[in-house]
Amino acid sequence: MPELRQSIAQHYHERTKYDPETIASRTHRLDWAKQPVPFKEYKIGSSFDLKPYIQEKPENSSNFETQWWYRLSRLLLCSYGLTAKMPSMGSAVYLRAAPSAGGLYPAEVYVISRGTPLLPPGLYNYQCRTHSLVHYWESDVWRALQEACFWHPSLEATQLAIIITAVFYRSAWRYEDRAYRRIFLDAGHLLGNIELAGALCDYRPHLIGGFVDEAVNELLYIDRQQEGAIAVVALADLLDIKQNLPKLQTALPSATETDYPEIPDGELLKYFHKATEIQAGVVNKFHSPPARLEKSLEDKYNFPFCQKISTVTTPINWGEKLQQLEVTILKRRSTRAYNGDYLTFEQLKALLDFTYQPQNYVAQNLDISPDYFDLNLIETFVAVSGVEGLETGCYYYAPQAQELRQIRFKNFRRELHFLCLGQDLGRDAAAVLVHTADLKTAVARYGDRVYRYLHMDAGHLGQRLNLAAIRLGLGVSGIGGFFDDLVNDILGIPADEAVLYLTTLGRPR
Ligand SMILES: Cc1cc2nc3c(=O)[nH]c(=O)nc-3n(C[C@H](O)[C@H](O)[C@H](O)COP(=O)(O)O)c2cc1C
């Protein structure tokens, strides 16, 4: 029987793998003359300054207007605001609340207003340099948004939405076709911030990944050759009883393309993005309650005779009224070097608890079931190099059973250094978390668009890990470049699991 051709998502994944044999031919010289600018500028439009609302907390102010602006201002600052300025080659580089591979910031954040008493209807772009919203289109587009999102129930009740887009070249300039992976990991980190910042500001973000791409792009007036919408988030205002909505479905399938032509290097990213779009005229429907979003009750891997260690622990304390969560979001930075020292097992357990057990944070007013696209598709493995009381080796993390299941005994420091393309972060980290997914199963469920969902979910988990680590005084950094297949081979991760993302954890130097 002839072998079935892989779908474009599987093809893209294979084509963009890093391999020790080919990595040298992949590394290209950066064209500094064409370095992208990570900001958008608008020549026309009126500006809404959000800065006055971040300086002082209007704790005792009963003024509705001040409170309203304060919440929106804080939400945006804690999601994608500028949080540091670093000197660089005679000028300055701005860092943001969400991390980004290579500091290239391909994401843009738009706010859509249905027309609230304070924010007139229309389209706004979040200008992080000035912490303001530029109102660049003044007509109501809400109905068009609803239609483009297959009448997602959350948009019926809400007044505000965020749309995240990707400006592809910003990341492709450096990472070429493989940039697509990092763009969606970045967006996932940003979604993690929106989720948690929402809790600080009494918004419940409802995630929408299924929409007609062309319709959303048109609605935003973006240049579709350069930029594309990648996630819509309806912002439910929890201070309005009518906006307290149930959990809703987030993801819809696209087609699965197996009949694609030969695609030259450098054109794969754009081709693949187009193939993951949902076309106008396709019949799709969000189910309420969600058809697939219930957590599966069983963990995927259970290896006979393996050692199992419980990770049940006391939740991380985010302080009164989540104050420490805000402090953590604003001070988070990716660690640039670890000192190689050990973490305690309690610390590792706390990191896992905050990331995978949101139900343990209900008493702290965090959502017990934040929106992801489909976490049932993602698995977690942990390579332990230096955790007190835990044997070195590779473990499967079973989130339902809340335990680590050992699959390989060995200290992988040397190998991790190599797997992370020679980055010292891999060698000196105390633990490296690996997020994976079985692409074939995932594509069978959601078509090629699942590639976006998987990377955004992995990024979202990565952001929770980042914040938990910073809160515990530890170091953390994502790693988007690794020798894909060797990660499986060396750590003993089943070959069907495509590696999506690594997060290194340790003690900062
Ligand atoms: C998806 C992703 C991949 C990353 N990959 C690497 C990496 O391979 N090596 C590294 O040193 N940092 C990596 N980082 C960290 C970024 O370099 C860092 O986020 C960026 O410089 C901005 O700094 P900040 O996180 O301190 O705000 C990654 C971050 C993300 C979100």
Side-chain angles (χ1 to χ4, degrees), residues 294-315 342-360 374-420 426-427 429-442 444-445 454 457-458 461-462 464-465 468 479 482-506:
E294 280 78 39
K295 272 194 195 166
S296 55
L297 297 171
E298 290 260 317
D299 292 303
K300 184 167 175 186
Y301 295 107
N302 199 356
F303 311 95
F305 312 117
C306 75
Q307 204 195 345
K308 294 177 180 166
I309 305 126
S310 169
T311 57
V312 174
T313 189
T314 318
Y342 277 41
L343 300 186
T344 66
F345 188 33
E346 274 311 312
Q347 287 169 329
L348 179 63
K349 287 197 285 190
L351 293 165
L352 295 170
D353 187 71
F354 180 64
T355 306
Y356 302 94
Q357 311 298 337
Q359 73 282 0
N360 294 342
D374 193 343
L375 273 194
N376 293 326
L377 295 172
I378 295 202
E379 303 302 328
T380 306
F381 295 84
V382 191
V384 170
S385 309
V387 177
E388 282 165 17
L390 200 58
E391 219 173 330
T392 56
C394 185
Y395 297 77
Y396 169 64
Y397 174 64
Q400 305 306 319
Q402 296 194 47
E403 62 188 25
L404 289 169
R405 299 175 177 168
Q406 194 168 23
I407 52 179
R408 227 165 239 194
F409 307 81
K410 185 173 170 5
N411 194 317
F412 288 112
R413 275 195 197 278
R414 203 166 48 89
E415 289 85 348
L416 284 164
H417 189 222
F418 175 66
L419 292 177
C420 296
R427 182 193 60 208
V432 178
L433 252 99
V434 184
H435 284 124
T436 68
D438 178 341
L439 265 189
K440 201 168 158 199
T441 308
R445 202 168 286 176
L454 292 172
D457 278 350
L461 292 168
R464 289 184 79 98
L465 280 167
I479 299 265
F482 41 82
F483 291 128
D484 295 76
D485 290 343
L486 291 179
V487 175
N488 298 72
D489 292 353
I490 291 175
L491 300 181
I493 295 172
D496 289 342
E497 297 289 339
V499 178
L500 306 172
Y501 192 28
L502 309 186
T503 303
T504 60
L505 296 155

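No hydrogens, no waters, no symmetry mates; every other heavy atom, side chains included, goes into these values. Each residue takes its place number in the sequence, starting with 1. From a predicted model like this one, the values you see are computed outputs, not experimental measurements.
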inquiry  = For a 4.5 angstrom cut-off between non-hydrogen side-chain atoms, does R405 reach Y301?
reply    = no

Short side-chain to backbone donor-acceptor contact, T504 and V432, under 3.5 Å = no

query = Quick one: does E497's side chain get under 4.5 Å of N488's, heavy atoms only?
reply = yes

Atom of V487, atom of L419 and distance for their closest heavy-atom approach = N-CD2, 3.7 Å

message = Does K308 have more than 12 heavy atoms from other residues, nucleotides or ligands lying within 6.0 Å of its NZ?
response = yes

remark   = Rounding to 0.5 Å, atoms CG (L433) and CG (L351) come to a distance of 8.5 Å

key: D299 side chain to A401 backbone, donor-acceptor under 3.5 Å   = yes

ask   = Closest approach of N411 and S385, non-hydrogen atoms and distance?
value = ND2-O, 3.5 Å

note = Smallest heavy-atom separation, A430 atom then L343 atom, equals CB-CG, 3.5 Å

ask   = Looking only at heavy atoms, which two atoms of D353 and N360 are closest? And how far apart?
value = OD1-ND2, 2.7 Å

inquiry  = So which atom in E346 and which in T313 form the shortest heavy-atom distance, rounded to 0.1 Å?
reply    = OE1-OG1, 3.0 Å

query = Donor-acceptor pair, R413 side chain versus R427 backbone, under 3.5 Å?
reply = yes

message = With a 3.5 Å distance limit and no angle check, can you tell me whether R464 reaches the backbone of Y356 through a side-chain donor-acceptor pair?
response = no

message = Can you tell me how far apart SG (C394) and CZ (F409) are? Round to the nearest 0.5 Å.
response = 11.5 Å

F381, Y396, F345 screened by side chain to side chain contact (heavy atoms under 4.5 Å, CB included) with L404, the one that passes = F345

key: Shortest non-hydrogen contact between K300 and D438, atoms and distance   = NZ-CB, 3.7 Å

key: Heavy-atom check, side chain of T441 versus side chain of D496, under 4.5 Å   = no

query = Hey, what do you get for OG1 (T436) to CG (L491), rounding to the nearest 0.5 Å?
reply = 11.0 Å

message = Between D457 and D374 (side chain of the first, backbone of the second, donor and acceptor by atom type, cut-off under 3.5 Å), is there such a pair?
response = yes

ask   = Taking Q402 for the side chain and S310 for the main chain, is one N or O donor matched with an acceptor at less than 3.5 Å?
value = no

message = F482 and side chain to side chain contact (heavy atoms under 4.5 Å, CB included): which single residue from D485, D484, L486 fits?
response = D484

query = To the nearest 0.5 Å, what is the distance between CZ (F354) and CG (L352)?
reply = 12.5 Å

query = Which value, rounded to the nearest 0.5 Å, describes the distance between Q307 atom CD and E391 atom CD?
reply = 6.0 Å

key: Flag side-chain contact, heavy atom, 4.5 Å: I309 against Y395   = yes

